[in-house]
Number of protein chains: 2
Amino acid sequence: MTKPRSRRGGGRPTIADVARKAGVGAITVSRALREPGRVSEDLRRQILAAVDELGYVPDPNARALASARAEVFGVLVPSLTNNVFAEVVRGIYDSLSDSPFRIQIGNTHYSGLEEERLLQVFGSQRPAALIVAGIDQTPSARRLLENAGCPVVQVMETGPDPVDMMIGFSHFDGGRTATEHLLQAGYRKIGFIGARMDPRSQRRLAGYRAAMEAAGLFDPRLVTTTPVPSSVSLGRELFRDALAKMPTLDGVFCNNDDIALGVLFECHRASIDVPKQIGIVGFNDLDMMQVSFPSITSVRTHRYEIGTRSVAMALAAIAGNPPEQRIVDLGFELVRRESTAR
Amino acid sequence: MTKPRSRRGGGRPTIADVARKAGVGAITVSRALREPGRVSEDLRRQILAAVDELGYVPDPNARALASARAEVFGVLVPSLTNNVFAEVVRGIYDSLSDSPFRIQIGNTHYSGLEEERLLQVFGSQRPAALIVAGIDQTPSARRLLENAGCPVVQVMETGPDPVDMMIGFSHFDGGRTATEHLLQAGYRKIGFIGARMDPRSQRRLAGYRAAMEAAGLFDPRLVTTTPVPSSVSLGRELFRDALAKMPTLDGVFCNNDDIALGVLFECHRASIDVPKQIGIVGFNDLDMMQVSFPSITSVRTHRYEIGTRSVAMALAAIAGNPPEQRIVDLGFELVRRESTAR
DNA sequence: CCCAATCATGGTAGCGCTACCATTTGTCTG
DNA sequence: CAGACAAATGGTAGCGCTACCATGATTGGG
């Protein structure tokens, strides 16, 4: 006469309740939910009705334990507030919202060690796929990715040696293209201003340097960087530093759009004419670049699409059809605007 | 002579492996990891050594299943890219990084239905706590929250009737304060410009209206809104609309800082003097408000702190000491800058 | 010095689900 | 029409962990 209900579970319906109600075996309920094609039309209807009536929702934890595979995408990004990564995450999120997969986000704070720690934690759940920003994993992080036993997509950049799959673009080329544009517009003393010099920023700087050296115009005093996190106000300060160091500066390639905006505001404040006295190029092409006065030339990157495409690649791999193109270069676009129209 | 290793698990060490190695029972290993105080010094050391040597990491899914409680915080926000919510999430994330709790983010896209759906999904995991943005849940979403069986924190706003706990500030008061500041500065034809008029924006608008009515200056033609998502470029367009509708406009309270920035840029473009001809006030006080030229007066909100404090409240409740203050008002600060210094 | 109360540890029995392996039925081939 | 084979369903045995309930060892008060 004891209650058969468990002492622990909150009393919510389980698969056995559904099975009883529908008059079938538990396993058939499980199949009806996961592989509808393998259950006859009739039973499926009956089962779905029972599910509905009881308000049954499968327990993802039990599911993960039994199948040794959690329906989770692990996503590792270096920052949650940086608009660039927020857009990537949004793309990932939107692409996954109609799938059974959940998302678990990890914030590495631009630290390789933190990334390792998070991979360890994420791995313990046997995720369905891992999406990680960047290609500069520590050796031990790379080993964790290789042994994760699930599809791995490195995003934001392309490089020669993917762990599994890769989607992004060349930051080196982006930096070079931006700089070449300034050179073509006639600017000569072109500075580089960058904050939070993560590996991607370093490669943009390298692209800048390559372009300047090719033009015979490179000078280390033109480069102003800091490891401090990027912000609009920092952009303003760095520009003042740059100008103090090199008063003849006539152009700047900014590591990102926040910096570029800070530079523009300082130009306003100091009555420096843009684009006549100084040309400005940003990176990422946030919405505000087209609105500012003057509007700012920037390198448009396809962040949202990197998110959606990375999910598509991972889902294909999970389904057993890994894309033949393991490295996808989405490129970028230089968007010319008033800030370099001299 | 058969391999005792399971057919499924990838062969990673389990608690039983650790127990065998340390020469203790499995349950003792479990305790040593979760309640160190209840295991003798000696055994604990032995066990931790075994854990280390084997590289054992507990399986969170098995743990959740056995204890009917997942070590997960469910976080529901209306947008991932809106800097305001990104800051809240960052605060949550940072406060949880030293705890065993993971984070699962849900993006409601400002939709009540989507929020319900996500609460349903999240609930199936028996999360340790739920943090949701806003206080305007649908009746059925509210029921889901009440029956979640875990601490619930509503964030970003305060209101009279919390599901469980609440932390934020009054958007009505924020809107009123901003508007009163413009009035005190001598502006009279003060417009309201807002995009994505979610419930919080509506209350800021109500605060604006209350201040204007108290001054006997309210006119519906001063209000320009749209349900379209907010952006800097939209701010510019809405300001042009507002000006076309009411050419004598001499001030604007903007629903958020992006809009305010768009307004400022349009003023530059149209050679409208700020603050002489037009006063501008934003909302949230993003970093760029202090850098722009002229710098923009804004209502500073404590987003990051809302995130960290919400976690502290939830953790306290989980530990069995729910805070006596179930409603925490973090307030806001009006930051006066050049854009209203007439 | 005995018995209760504590403390430290362990055994057992699930948590809710699915992998694996039947079993049953229907369908096709020669 | 037998035999082979596929399709549909079910039973059993865990997945790796912890709640619950012993058990034995230690303490301490009367």
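No hydrogens, no waters, no symmetry mates; every other heavy atom, side chains included, goes into these values. This one's a predicted model, so the numbers in the text were calculated from it and none came from an experiment.
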Rounded (10°) bend between the five-pair end axes of the helix from C:dC1-D:dG30 to C:dG30-D:dC1: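 End-to-end axis angle: 30°.
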
For the pair B:R143 and B:E146, find out whether any cationic side-chain nitrogen is under 4.0 Å from an anionic carboxylate oxygen.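 Here B:R143 does not pair with B:E146 in a salt bridge, since their nearest N and O are not under 4.0 Å apart.
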
For atom [atom1] of [X] and atom [atom2] of [N], their distance in whole Å:
X      : N      : atom1 : atom2 : value
B:L65  : C:dG14 : CG    : P     : 14 Å
B:R12  : D:dC17 : CZ    : P     : 10 Å
B:I15  : C:dT12 : CD1   : P     : 17 Å
B:R126 : D:dA19 : CZ    : P     : 13 Å
A:R63  : C:dG16 : CZ    : C1'   : 11 Å
B:D17  : D:dC15 : CG    : P     : 11 Å

For a side chain to side chain contact (heavy atoms under 4.5 Å, CB included) with B:V89, tell me which candidate from B:I103, B:V77, B:L80 qualifies. B:V77

Less than 4.5 Å apart, side chain to side chain, heavy atoms only: is that true for A:Q104 and B:V72? no

Heavy-atom side-chain contact between A:L315 and A:F73 under 4.5 Å: yes

Could you give the distance from OG (A:S310) to CE (A:M166), rounded to the nearest 0.5 Å? 13.0 Å

To the closest 0.5 Å, what do you measure between CE (B:M313) and CD1 (B:I131)? 10.0 Å

Intermediate values then yes/no, side chain to side chain contact (heavy atoms under 4.5 Å, CB included), B:L130 and B:L76: CA-CA 8 Å; B:L130 287 170; B:L76 281 183; over 6 Å; no

Quiz question: by atom type and distance under 3.5 Å, do the side chains of B:S30 and B:R34 form a donor-acceptor pair? yes

Under a 4.0 Å heavy-atom cut-off, which of residues 24-47 of chain B touch DNA chain D? B:I27, B:S30, B:R34

Check the pair A:L118, A:E115 against side chain to side chain contact (heavy atoms under 4.5 Å, CB included), reporting the backbone distance first and the verdict last. CA-CA 5 Å; A:L118 286 166; A:E115 185 169 51; 5.9 Å; no

Give, ordered by number, those residues of residues 49-61 of chain B having at least one heavy-atom distance below 4.0 Å to an atom of DNA chain C; if nothing qualifies, reply none.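 By residue number: none to list.
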
Tell me, with the steps shown, if B:S111 and B:R117 meet side chain to side chain contact (heavy atoms under 4.5 Å, CB included). CA-CA 10 Å; B:S111 149; B:R117 196 186 68 79; over 6 Å; no

What closest approach, in Å, do A:L119 and A:A141 show between heavy atoms, and which atom pair accounts for it?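 It is CD1-O, 3.7 Å.
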
